[in-house]
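In this chain, numbering begins with 1 at the start of the sequence shown.
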Amino acid sequence: MVLSFRGFKLLNTLELLRMVDTKAIGKRWEEMETDVLVKIFKELNMIQLTPVSLVCRSWRLACSDPFIWNTLDLGLLESNFIQTRALPFIWVDERSDRRLTRILRMSMALSSGNITTMIFHFNLYMKDEHLNYISERSPHVRRLVMPAWNRITRVGLVQAIRRWEDLESLTMPSIGHPSYIMEEISRSCKNFSHLKVMGTFDVHFASCIAVHLPKLKVLSLRCSIVTKEALLFILNCMVNLEVLNISHCLLLESLVSGRRQIRSELDQTIFQKASRMRDFLYCQSSSCIACRRMIEDEGLMRWYRYEAWFWRQDEVSSLDLGEYGRLFDKNCVDRLLSSDINF
């Protein structure tokens with residue numbers, strides 16, 4: 001037997017009852033305790049939650065509970081795009097933008113501002129209007145994983161950071177002029193402590209962090225091109241840094257001739273300077289799959305060539321993304337791709 005409320009088919013009755021406390025079995029569904037409803041709805045994805053939230057007021061409140069919406073993980077959602085030679089070097093299909101807009105509207109409406117962690121795929125290219133929409137409706141974000149900034153302007157990023165005063169952790173791409181975003185984080189986010197950069201990391205980037213984020217505790221450059229000068233700058237200047245991850249990085253050293261060569265091993269100077277840290281994570285092993293992939297990709301990791309979860313990993317536990325969230329699982333992706341679904 002299948003339950004139906006206002007024309008929406010939900011879960012099978014027996015499946016629901018197995019998840020419900022025995023004390024609550026004799027009650028009407030709308031009279032069940034909120035914590036019991038939350039435990040049930042936690043097993044649904046956002047497409048399933050939408051009709052459930054329309055049943056009654058108590059179900060709506062349960063569907064918006066922070067326990068369900070603490071993390072919005074859109075790590076399986078990608079834009080349909082092609083690369084271009086002109087700025088922003090990406091062209092995105094309009095249907096992808098409309099799909100993302102609908103998903104964000106649904107998730108912002110259901111979450112009621114309870115999202116504290118947002119995770120976006122490295123091939124999900126948002127625009128200013130998307131970022132503005134979520135920053136206005138989710139002001140309590142503490143962790144943001146957003147590896148693609150091609151279509152977002154400086155103004156759009158600065159406005160979002162100003163709203164996210166609670167921001168503590170950011171995963172970002174490598175950008176040519178990072179000072180503006182570091183300066184805004186320093187000004188607006190007093191508890192900021194974790195930064196992960198995916199891409200090239202040079203001495204200019206390092207100096208921007210040292211100047212604007214001197215109290216940074218954790219920095220991960222995993223699977224990036226890192227210059228020796230930038231690494232030494234961080235080790236010399238970032239006295240409050242407790243954790244540094246340069247695992248699988250391609251370390252470049254400048255020669256007198258002006259050319260750069262790849263260093264296959266770290267020298268003792270680096271180890272000595274890093275010894276004061278709680279954790280200094282590195283890996284330059286020929287037997288390591290990630291290290292081999294970095295060399296094959298010439299330092300610019302082509303994430304799309306590898307396992308879907310590979311880009312989510314980090315040796316720093318506080319930056320590792322773990323498994324994909326249930327709210328936006330593969331079933332959501334399949335439904336979105338199979339039809340132009342409206343929410």
Side-chain angles (χ1 to χ4, degrees), residues 46 69 71-189 192 195-200 205 208 212-213 303 311 327-328 336 340 342-343:
M46 63 171 65
W69 287 99
T71 298
L72 176 62
D73 186 351
L74 296 182
L76 290 172
L77 183 64
E78 302 180 49
S79 299
N80 183 21
F81 70 96
I82 57 174
Q83 295 181 334
T84 64
R85 294 185 177 180
L87 286 171
F89 306 114
I90 288 293
W91 177 88
V92 177
D93 180 19
E94 289 185 6
R95 288 189 61 184
S96 288
D97 282 339
R98 291 198 301 269
R99 182 176 62 203
L100 177 58
T101 298
R102 291 196 300 271
I103 292 171
L104 293 178
R105 284 178 179 173
M106 177 180 62
S107 55
M108 294 303 105
L110 284 173
S111 63
S112 299
N114 287 317
I115 299 173
T116 59
T117 297
M118 288 188 177
I119 302 172
F120 300 100
H121 194 275
F122 62 88
N123 277 341
L124 181 63
Y125 297 97
M126 288 191 290
K127 298 189 295 186
D128 280 5
E129 61 190 70
H130 296 130
L131 190 60
N132 180 64
Y133 189 83
I134 60 178
S135 63
E136 283 185 338
R137 290 158 179 79
S138 294
H140 305 300
V141 170
R142 294 199 296 267
R143 183 182 185 187
L144 177 65
V145 177
M146 193 170 66
W149 290 11
N150 297 59
R151 305 172 72 206
I152 301 174
T153 66
R154 290 190 181 190
V155 173
L157 281 167
V158 168
Q159 287 180 342
I161 294 299
R162 285 176 182 170
R163 295 189 181 109
W164 284 325
E165 296 180 355
D166 298 329
L167 190 67
E168 300 173 0
S169 175
L170 173 65
T171 296
M172 62 175 289
S174 177
I175 56 177
H177 303 284
S179 58
Y180 76 93
I181 192 67
M182 301 304 158
E183 183 177 357
E184 192 56 51
I185 290 174
S186 175
R187 186 186 300 117
S188 302
C189 313
F192 191 83
L195 178 65
K196 179 173 181 176
V197 180
M198 298 174 64
T200 303
F205 210 133
C208 288
H212 298 294
L213 301 176
W303 302 103
W311 72 278
L327 268 174
F328 194 82
L336 287 167
D340 199 14
N342 287 309
F343 301 113

Checklist entry - Quick one: are the ring centres of W164 and H140 less than 6.0 Å apart? => result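 Aromatic pair excluded; centres sit 6.0 Å or further apart.
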Next on the checklist: Return the CG to CD distance between L131 and Q159, rounded to the nearest 0.5 Å.
Outcome noted: 9.0 Å
Checklist entry - What's the spacing between S186 OG and I181 CD1 if we round to 0.5 Å? => result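 With rounding to 0.5 Å, OG (S186) is 11.5 Å from CD1 (I181).
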Next on the checklist: Given 3.5 Å as the limit, does a donor-acceptor pair link the side chain of N150 with the main chain of Y125, or not?
Outcome noted: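 Side chain of N150 to backbone of Y125: no pair is present.
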Next on the checklist: A cation-pi test, strictly: NZ or CZ of R154 under 6.0 Å from the centre of the six-membered ring of Y180 and no more than 45 degrees from its axis. Yes or no?
Outcome noted: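 The answer is yes; both the distance and angle limits are met.
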Item to check | Ring-face cation of R85 near F89 (centre distance under 6.0 Å, axis angle within 45°) | outcome: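 No; the conditions do not both hold, so R85 does not lie above the ring face of F89.
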Next on the checklist: Looking only at the side chains, is there a donor atom on one of S188 and E184 sitting less than 3.5 Å from an acceptor on the other?
Outcome noted: yes
Next on the checklist: Hydrogens and angles aside, do H212 and S179 bring a side-chain donor and acceptor to less than 3.5 Å of each other?
Outcome noted: no
Checklist entry - Got L167 and R143 here, is their nearest side-chain heavy-atom distance under 4.5 Å? => result no
Item to check | Heavy-atom side-chain proximity of L100 to M126 below 4.5 angstrom | outcome: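 In contact.
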Checklist entry - Is R99 paired with D93 through a side-chain N to carboxylate O contact shorter than 4.0 Å? => result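 No.
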Checklist entry - When you check the gap from the basic side-chain N to the acidic O, do E136 and R163 get nearer than 4.0 Å? => result yes
Checklist entry - Does CZ in R187 sit with more than 12 non-hydrogen atoms of other residues, nucleotides or ligands closer than 6.0 Å? => result yes
Item to check | Aromatic ring pairing F122/W303, orientation class (parallel under 30°, perpendicular over 60°, tilted between) | outcome: tilted
